[in-house]
Amino acid sequence: MSLRVYNTLTREKSDFSPIEEGKVRMYVCGPTVYDSAHVGHAMSAMVFDVVRRYLIYLGYDVHYVMNFTDVDDKIIDRAKRLGVDPIELAEKYIEEYKKNLEDLNILPPTEHPRATNEIDAIIKMVERLIDKGAAYEVDGDVYFRVEKAKDYGKLSGRKLEEMNAGSRIRVDIRKENPMDFAVWKAAKKGEPAWDSPWGPGRPGWHIECSAMNLQHLGDQIDIHGGGNDLIFPHHENEIAQSEAITGKPFARYWMHNGMLQLKGEKMSKSTGNLIPINEFLEDHSGDVMRLMVISSHYRSPLTFNDEVIEANERALERLLSAIKPAMEGASGAPAEITQKLEEQVEITRKGFHDSMDEDFNTAGALGYLFDLARMINQARSEGATAKELVNAQDLFKELTGVLGLKLETSEKAASSADAFIDLLLDLRQELRAKKEYQLSDRIRDELAEMNVIIEDTPQGSTWHWE
RNA sequence: GGCGACGUAGCCAAGUUGGUAAGGCAAGGGUCUGCAAAACCCCGAUCACGGGUUCGAGUCCCGUCGUCGCCUCCA
């Protein structure tokens, strides 16, 4: 079997084959940095992180570009309201976003370009569009001429004549067609601006992505990703611009993730219906977020609420249980068990691969990992030795790693409290030996209230943070 | 109004070209334990509804109801 990918452009799955053998050029739309990113952004970034990790797992050399939109109306508005410099405001949220990605165990992009660093390339592109008759200048603004793009609407399945542009926004009478969109905007007073043949101004939203693609990945790319709310108009316009310039098909595969649903609605910055990544990470690990994301298909909406978060906290504990070491003094599990475990290793490897090959079916792949976890735990409780568990556990770690899970056993680093807790455990051990259970239980209960969980095993007691 | 997606057990959710429903969480029962915890074992759905095609449909077609996304900035 080989990898199949759903392509928004064709609305069907097809076999994946990159332009250049063994290499994948991939571009994912990053955030507009005017505020803290929320868990919906995290979802999108994670979805494509998993895509990237799986492609690497398959042996591809992946060139991964994620941009920052660091100049646009919202950033300018926000900065004006706060009385700060828009470029500095953007810079602040760029740094924060990079930290978010790190905390969420998202691999750093190969390149992380930002619009303001690409101004020269953008201006050249706009000039080329004008030269080709694909764009026109009006009073310092430059608009893309949609009627010139013969197959405009092919990505979103719209037809120009069917779109009732201007039904909700006032039509700019200077435009030739209401659907024409700005590729260059004349600057108003006090706004960040760059000199151009059309006077001081700044790039339109869509052109920067086209420019960064051309600059960093070339005329044609393999995968272009983003949230499905970007299909129209953003990606539609990117296609129109890029293809107007190169005359070649822009991206081979358009991948779009579903929206994260909070309270039954799309999580969105503009409506304030959101949970910032920072806030989420105060109470939960990045792995919990990731588990939620990979528990369902990337194209489906993601149900996000407290109940689901809690369920995934517990599910994560189950995954963690699989990589616990063999019991101390284990003398070996029955042959029947160890053989079953080895068989499960092969079932898991194949099942994982087949699932992921089918348009990155992470939820299906995860199912196999839970099956393997159960088999590992079963073997361990039957007395399997570390050696008997090693193949299964190695595969388990490898494949959870492909999904981007860290599975760190100790969420909190060693703290100064450790020695005291160890002391209390020793004390409790002595009390239990004397069968003074009232006191020993009190130690356990009160430590539990401080989020220290004690587990008794035949080899003694252990503890961990809740 | 237009375009698109979806509706699977209490909740989340998978289901490749149609052949008789993964997995997780919760609940319940059990093993282990001084009691717990963890782990392990057992336990649940005919797939929104109504038609149709087929030997056979969750999986294809039509209709109905419902939810969501896009059509305006948005991952």
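Residue numbers start from 1 in every chain, and the chains themselves are labelled A, B, ... in the order their sequence lines are given, proteins ahead of strands.
- Across B/A75, B/C25, B/G4, the shortest atom-to-atom separation from the side chain of A/Cys29 is found for B/A75.
- In this model, the phosphate group of B/C25 is not approached by any side-chain N or O of A/Asn312 to a distance below 4.0 Å at OP1 or OP2.
- Taking atom C1' on both nucleotides, B/U17 is separated from B/U59 by 11 Å, rounded to a whole Å.
- B/C71 and B/U53 have their C1' atoms separated by 36 Å, with the value rounded to a whole Å.
- When the nucleotides B/C71, B/C25, B/A75 are ranked by their closest atom to the side chain of A/Met259, B/A75 comes out on top.
- For B/G18 and B/A26, the C1' atoms lie 33 Å apart once the distance is rounded to whole Å.
- Checking A/Ala311 against A/Ser300, the closest nucleotide of RNA chain B that is more toward the 5' end is the one next to A/Ser300.
- On a pure distance criterion of 3.5 Å, no polar donor-acceptor pair joins the side chain of A/Arg299 and the base of B/C6.
- When heavy atoms are screened at a 4.0 angstrom cut-off, A/Gly225 is found touching no nucleic acid atom at all.
- Comparing B/C40 with B/G4, their C1' atoms sit 46 Å apart, to the nearest whole Å.
- For A/Asp441 and B/G34, a side-chain-to-base donor-acceptor distance below 3.5 Å is present, hydrogens and geometry of angles not being considered.
- Across all strands, A/His256 comes closer than 4.0 Å to no nucleic acid atom at all (heavy-atom distances).
- In this structure, B/G58 forms no base pair with any nucleotide, since neither Watson-Crick nor G-U wobble geometry is met with both distances under 3.5 Å.
- A/Glu358 and A/His353 share no side-chain donor-acceptor pair at under 3.5 Å.
- For A/Lys387, the NZ atom sits in a loose shell: 12 or fewer heavy atoms of surrounding residues, nucleotides or ligands are nearer than 6.0 Å.
- The side chain of A/Lys435 places no N or O atom within less than 4.0 Å of a non-bridging phosphate oxygen (OP1 or OP2) of B/C35.
- Nucleotide B/G1 is matched to B/C71 when pairs are restricted to Watson-Crick or G-U wobble geometry with both distances under 3.5 angstrom.
- Both stacking criteria are satisfied for A/Tyr437 over the base of B/G34: a centre-to-centre distance under 5.5 angstrom and an angle between ring planes under 30 degrees.
- Cation-pi geometry between A/Arg299 and A/Tyr6 is met: under 6.0 angstrom from the ring centre, within 45 degrees of the axis.
- Among the nucleotides B/C25, B/A14, B/A75, the one closest to any side-chain atom of A/Met43 is B/A75.
- Across all strands shown, A/Lys13 has no heavy atoms under 4.0 Å from either base or sugar-phosphate atoms.
- Phosphate proximity of B/A14 to A/Ser355: absent, as no side-chain N or O sits under 4.0 Å from OP1 or OP2.
- Residue contacts for A/Asp445: at a heavy-atom cut-off of 4.0 Å it reaches no nucleic acid atom on any strand shown.
- The nucleotide whose nearest atom lies closest to any side-chain atom of A/Ser381 is, among B/A75, B/C41, B/A39, B/A39.
- Counting to the nearest Å, the C1' atom of B/C12 and the OH atom of A/Tyr298 are 20 Å from each other.
- As the counterpart of B/A38, no nucleotide is assigned, since no Watson-Crick or G-U wobble pattern has both distances under 3.5 Å.
- In this structure, A/Met255 places its CE atom 18 Å from P of B/A75, rounding to the nearest Å.
- Remark: B/C6 base-pairs with B/G66; criterion is Watson-Crick or G-U wobble with both hydrogen-bond distances under 3.5 Å.
- In the set B/C40, B/G15, B/G34, B/C40 carries the atom at the smallest distance from any side-chain atom of A/Gln378.
- When rounded to the nearest whole Å, the span between CG of A/Leu369 and P of B/A14 equals 16 Å.
- Here A/Ala315 lies in heavy-atom contact (under 4.0 Å) with sugar-phosphate atoms only.
- Side-chain atoms of A/Asp456 come within donor-acceptor range of the base of B/C35, with a qualifying N/O pair under 3.5 Å.
- Rounded to the nearest Å, the gap between the C1' atom of B/C60 and that of B/A38 is 47 Å.
- The side chain of A/Asn377 approaches B/C40 more closely than any other nucleotide in the set B/C70, B/A22, B/C40.
- Looking at heavy-atom distances under 4.0 Å, A/Ile454 makes contact with a base.
- The A/Phe232 side chain lies nearest to B/C71 when the options are B/C40, B/A75, B/C71.
- A straight line from CG of A/Asp35 to C1' of B/C73 spans 14 Å, rounded to a whole angstrom.
- When heavy atoms are screened at a 4.0 angstrom cut-off, A/Leu291 is found touching no nucleic acid atom at all.
- Judged by distance alone, the side chains of A/Asp77 and A/Tyr34 never bring a donor and an acceptor atom under 3.5 Å apart.
- Using a cutoff of 4.0 Å between basic side-chain nitrogens and carboxylate oxygens, A/Arg114 and A/Glu91 are scored as salt-bridged.
- Taking atom CG on A/Asp359 and atom C1' on B/U59, their separation rounds to 17 Å, with Å as the unit.
- Among the atoms of the strands shown, base atoms are found under 4.0 Å from some heavy atom of A/Ser268.
- As rounded to the nearest Å, B/A13 and B/G1 have P atoms that lie 28 Å from one another.
- Distances shown here put every side-chain N or O of A/Arg318 at or beyond 4.0 Å from the OP1 or OP2 atom of B/A26.
- A/Thr457 comes within 4.0 angstrom of no nucleic acid atom, judged by non-hydrogen atoms across all strands.
- Take the nearest nucleotide of RNA chain B for A/Tyr368 and for A/Gln438: the residue whose nucleotide is more 5' is A/Tyr368.
- Of the candidates B/A13, B/C11, B/C35, the closest approach to any side-chain atom of A/Glu307 belongs to B/C11.
- Across all strands shown, B/C43 forms no Watson-Crick or G-U wobble pair with both key distances under 3.5 Å.
- A donor and an acceptor atom, one from each side chain of A/Glu236 and A/His206, are nowhere located under 3.5 Å apart.
- Between A/Asp73 and A/Lys185, at least one side-chain N (NZ, or NE/NH1/NH2) sits under 4.0 Å from a carboxylate O, which counts as a salt bridge.
- Counting any heavy atom pair closer than 4.0 Å across all strands shown, A/Gln261 reaches sugar-phosphate atoms only and no base atom.
- Taking only side-chain atoms of A/Arg314, from C-beta outward, the nucleotide of B/C12, B/G4, B/A26 with the closest atom is B/A26.
- Distance from the side chain of A/Arg158 is smallest to B/C71 among B/C71, B/G24, B/C12.
- Across all strands shown, B/G18 remains unpaired; no Watson-Crick or G-U wobble contact has both distances below 3.5 Å.
- A/Gly40 comes within 4.0 angstrom of a nucleotide base, judged by non-hydrogen atoms across all strands.
- Spacing between B/G44 and B/A21 at atom P, rounded to whole Å, works out to 13 Å.
- Taking atom C1' on both nucleotides, B/C55 is separated from B/U8 by 25 Å, rounded to a whole Å.
- Taking the charged nitrogens against the carboxylate oxygens, A/Arg442 and A/Glu446 do have a contact shorter than 4.0 Å, which makes a salt bridge.
- Close to B/A14, at under 4.0 Å from its OP1 or OP2, lies no side-chain N or O of A/Ser295.
- Side-chain atoms of A/Asp72 and A/Thr32 form no donor-acceptor pair, as typed in the model, at a separation below 3.5 Å.
- Between A/Arg444 and A/Asp441, at least one side-chain nitrogen of the basic residue sits less than 4.0 Å from a carboxylate oxygen of the acidic one, meeting the salt-bridge criterion.
- Counting non-hydrogen atoms under 4.0 angstrom, A/Met292 reaches nothing in the nucleic acid.
- Proximity of A/Arg374 to the phosphate of B/G24: a side-chain N or O atom is located under 4.0 Å from OP1 or OP2.
- Taking only distance into account, the side chain of A/Arg432 meets the base of B/G34 through a donor-acceptor pair shorter than 3.5 Å.
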